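All figures in this text were calculated on a predicted structure; none of them were measured in a lab. Just so it is clear: chains get the letters A, B, ... in the order the sequence lines come, proteins before strands, and each one is counted from 1. Basis for what follows: all heavy atoms, side chains included, without hydrogens, waters or symmetry-related copies.
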There are 2 protein chains.
Amino acid sequence: MKHIITQLNQAFDHRIRLGIMSILMVNDWVDFNTLKETLDVTDGRLASHIKALEKDDYLEVRKRFVKRKPNTSYRATSAGRNAFKDHLNALEQLLNNAKE
Amino acid sequence: MKHIITQLNQAFDHRIRLGIMSILMVNDWVDFNTLKETLDVTDGRLASHIKALEKDDYLEVRKRFVKRKPNTSYRATSAGRNAFKDHLNALEQLLNNAKE
DNA sequence: TAAAGTACTTTGAAATTCAAAGTTAATGTG
DNA sequence: CACATTAACTTTGAATTTCAAAGTACTTTA
């Protein structure tokens, strides 16, 4: 019988990507700076983790100008939401097992 | 306000270490081969992840002979249990947030 | 014209993880 | 006794991931 860890998704292995996704599960269109401040990461680092999630088509991007400033926002795609839900279910099982 | 990911413990970032700990939370003294088979990893890889947890004093080791064969078992220390519980609580919050 | 803000990209280094092979000590087999 | 085998590692070197720091493009504000 295989252990639950085999059902965890590598795309969400990193805490920052976990954080990005957990924010995007409950908020539609969150912008770069909000993510940056909420997760307390440098912009370069955030950008690279976002890029990784984008590459898997787990999130989509919207670029526009707000108050004459560039503003980039992100939201989870349905593929992203589904993949993340699966990941959370695996985590939940692991959690429940660990608590008896 | 800081995001919950800042409360995740880096020692448990890796899925294999997460698996080891989740097994040791509910089983006292689990041996090397059981861990190896349950988590489906090579012995070298398992040994190195165990070593990392040992270094943090999150688990302790017992070596003896069973049926004339060497048998090494592990269990979580109370420090390990506490640290893992904190980690699980952070994960749980993240999980609940992501599910609304 | 110069400075500042946004959202990156690039670079190179540090850290982590990995497979594969080698090791040690004890036991089992011929 | 010689040799193979098993358990549990350790070592090595390479691949992968992650990081900080610096650089960039575009636009707005002073």
Checking contacts here: which listed nucleotide (dT9(C), dT10(D), dA7(C)) is nearest the side-chain heavy atoms of Ala47(A)? dT9(C)
Give the rounded distance in Å between these two atoms: [atom1] of [X] and [atom2] of [N].
X: Phe32(B); N: dT6(D); atom1: CZ; atom2: P; answer: 16 Å
X: Lys51(B); N: dT11(D); atom1: NZ; atom2: C1'; answer: 9 Å
X: Ile50(A); N: dT9(C); atom1: CD1; atom2: C1'; answer: 14 Å
X: Leu46(B); N: dC9(D); atom1: CG; atom2: P; answer: 8 Å
X: Arg64(A); N: dT28(D); atom1: CZ; atom2: P; answer: 16 Å
X: Glu37(B); N: dT6(D); atom1: CD; atom2: P; answer: 13 Å
X: Asn33(A); N: dG5(C); atom1: CG; atom2: C1'; answer: 9 Å
X: Ile5(B); N: dT18(D); atom1: CD1; atom2: P; answer: 13 Å

Five pairs per end, C1' atoms only: what is the angle between the end axes of the helix from dT1(C)-dA30(D) to dG30(C)-dC1(D), to 10 degrees? 10°
OP1 or OP2 of dC8(C) sitting under 4.0 Å from any side-chain N/O of Lys63(A)?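 So the side-chain polar atoms of Lys63(A) do come within 4.0 Å of the phosphate oxygens OP1 or OP2 of dC8(C), strictly under.
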Would you say Asn71(A) reaches dT6(C)'s phosphate, i.e. side-chain N/O to OP1/OP2 under 4.0 Å? no
Side chains of Leu91(B) and Leu94(A) in contact at under 4.5 Å (non-hydrogen atoms): no
Is Asn9(B) close to Asp86(B) at the side-chain level, that is, under 4.5 Å between some pair of heavy atoms?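 Not touching, per the 4.5 Å side-chain cut-off.
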Determine the minimum heavy-atom distance between Ile16(B) and Ile5(A), stating which atoms define it. CA-CD1, 4.2 Å
Locate the shortest heavy-atom distance separating Ala90(A) from Ile4(A); write the atom from each residue and the value. O-CG2, 3.4 Å
All side-chain contact (heavy atoms from CB on, under 4.5 Å) counterparts of [X], not counting sequence neighbours:
X: Lys55(A); answer: none
X: Lys63(B); answer: Val61(B), Thr72(B)
X: Lys51(A); answer: none
X: Arg64(B); answer: Arg62(B), Val66(B)

Using the salt bridge (Lys or Arg N to Asp or Glu O under 4.0 Å) criterion, which residues pair with Lys99(B)? Sequence neighbours excluded. Glu92(A)
Under the rule for salt bridge (Lys or Arg N to Asp or Glu O under 4.0 Å), what residues qualify as partners of Asp13(A), not counting sequence neighbours?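 So Asp13(A) forms a salt bridge (Lys or Arg N to Asp or Glu O under 4.0 Å) with Arg15(B).
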Residues within residues 19-29 of chain A bordering DNA chain D, heavy-atom distance below 4.0 Å: none
Scan the side chains in residues 17-34 of chain A for donor-acceptor partners under 3.5 Å anywhere in the protein, sequence neighbours excluded, and list what turns up.
| residue | atom | partner | partner atom | Å |
| --- | --- | --- | --- | --- |
| Arg17(A) | NE | Ala11(A) | O | 2.7 |
| Arg17(A) | NH1 | His49(A) | ND1 | 3.0 |
| Ser22(A) | OG | Gly19(A) | O | 3.2 |
| Ser22(A) | OG | His3(B) | NE2 | 3.4 |
| Asp28(A) | OD2 | Arg75(A) | NH1 | 3.3 |
| Asp31(A) | OD1 | Thr34(A) | N | 2.9 |
| Asp31(A) | OD1 | Thr34(A) | OG1 | 2.6 |
| Asp31(A) | OD2 | Asn71(A) | ND2 | 3.2 |

Pairs where residues 53-99 of chain A contributes a residue and the test ring pair (Phe, Tyr, Trp, His ring centres under 6.0 Å) is met, not counting sequence neighbours: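 Only Phe12(A)-Tyr58(A), Phe12(A)-Phe84(A), Phe12(A)-His87(A) qualify under ring pair (Phe, Tyr, Trp, His ring centres under 6.0 Å).
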Pick out the pairs of N or O atoms, protein on one side and nucleotides 16-21 of chain C on the other, that lie under 3.5 Å.
| residue | atom | partner | partner atom | Å |
| --- | --- | --- | --- | --- |
| dT17(C) | OP2 | Arg17(B) | NH1 | 3.2 |
| dC18(C) | OP1 | Arg45(B) | NE | 3.2 |
| dC18(C) | OP1 | Arg45(B) | NH2 | 2.3 |
| dC18(C) | OP2 | Arg45(B) | NE | 3.0 |
| dC18(C) | OP2 | His49(B) | NE2 | 2.9 |
| dC18(C) | O5' | Arg45(B) | NE | 3.1 |

Nearest-0.5 Å distance that lies between atom CD in Glu60(A) and atom OG1 in Thr77(A): 7.0 Å
Could you grab the distance from atom CG of Leu59(A) to atom CG of Leu53(A), nearest 0.5 Å is fine?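 The CG atom of Leu53(A) is 5.0 Å from CG of Leu59(A), to the nearest 0.5 Å.
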For nucleotides 25-30 of chain C, just jot down a letter per nucleotide in 5' to 3' order: B, S or -, based on protein non-hydrogen atoms under 4.0 Å. -SSS--
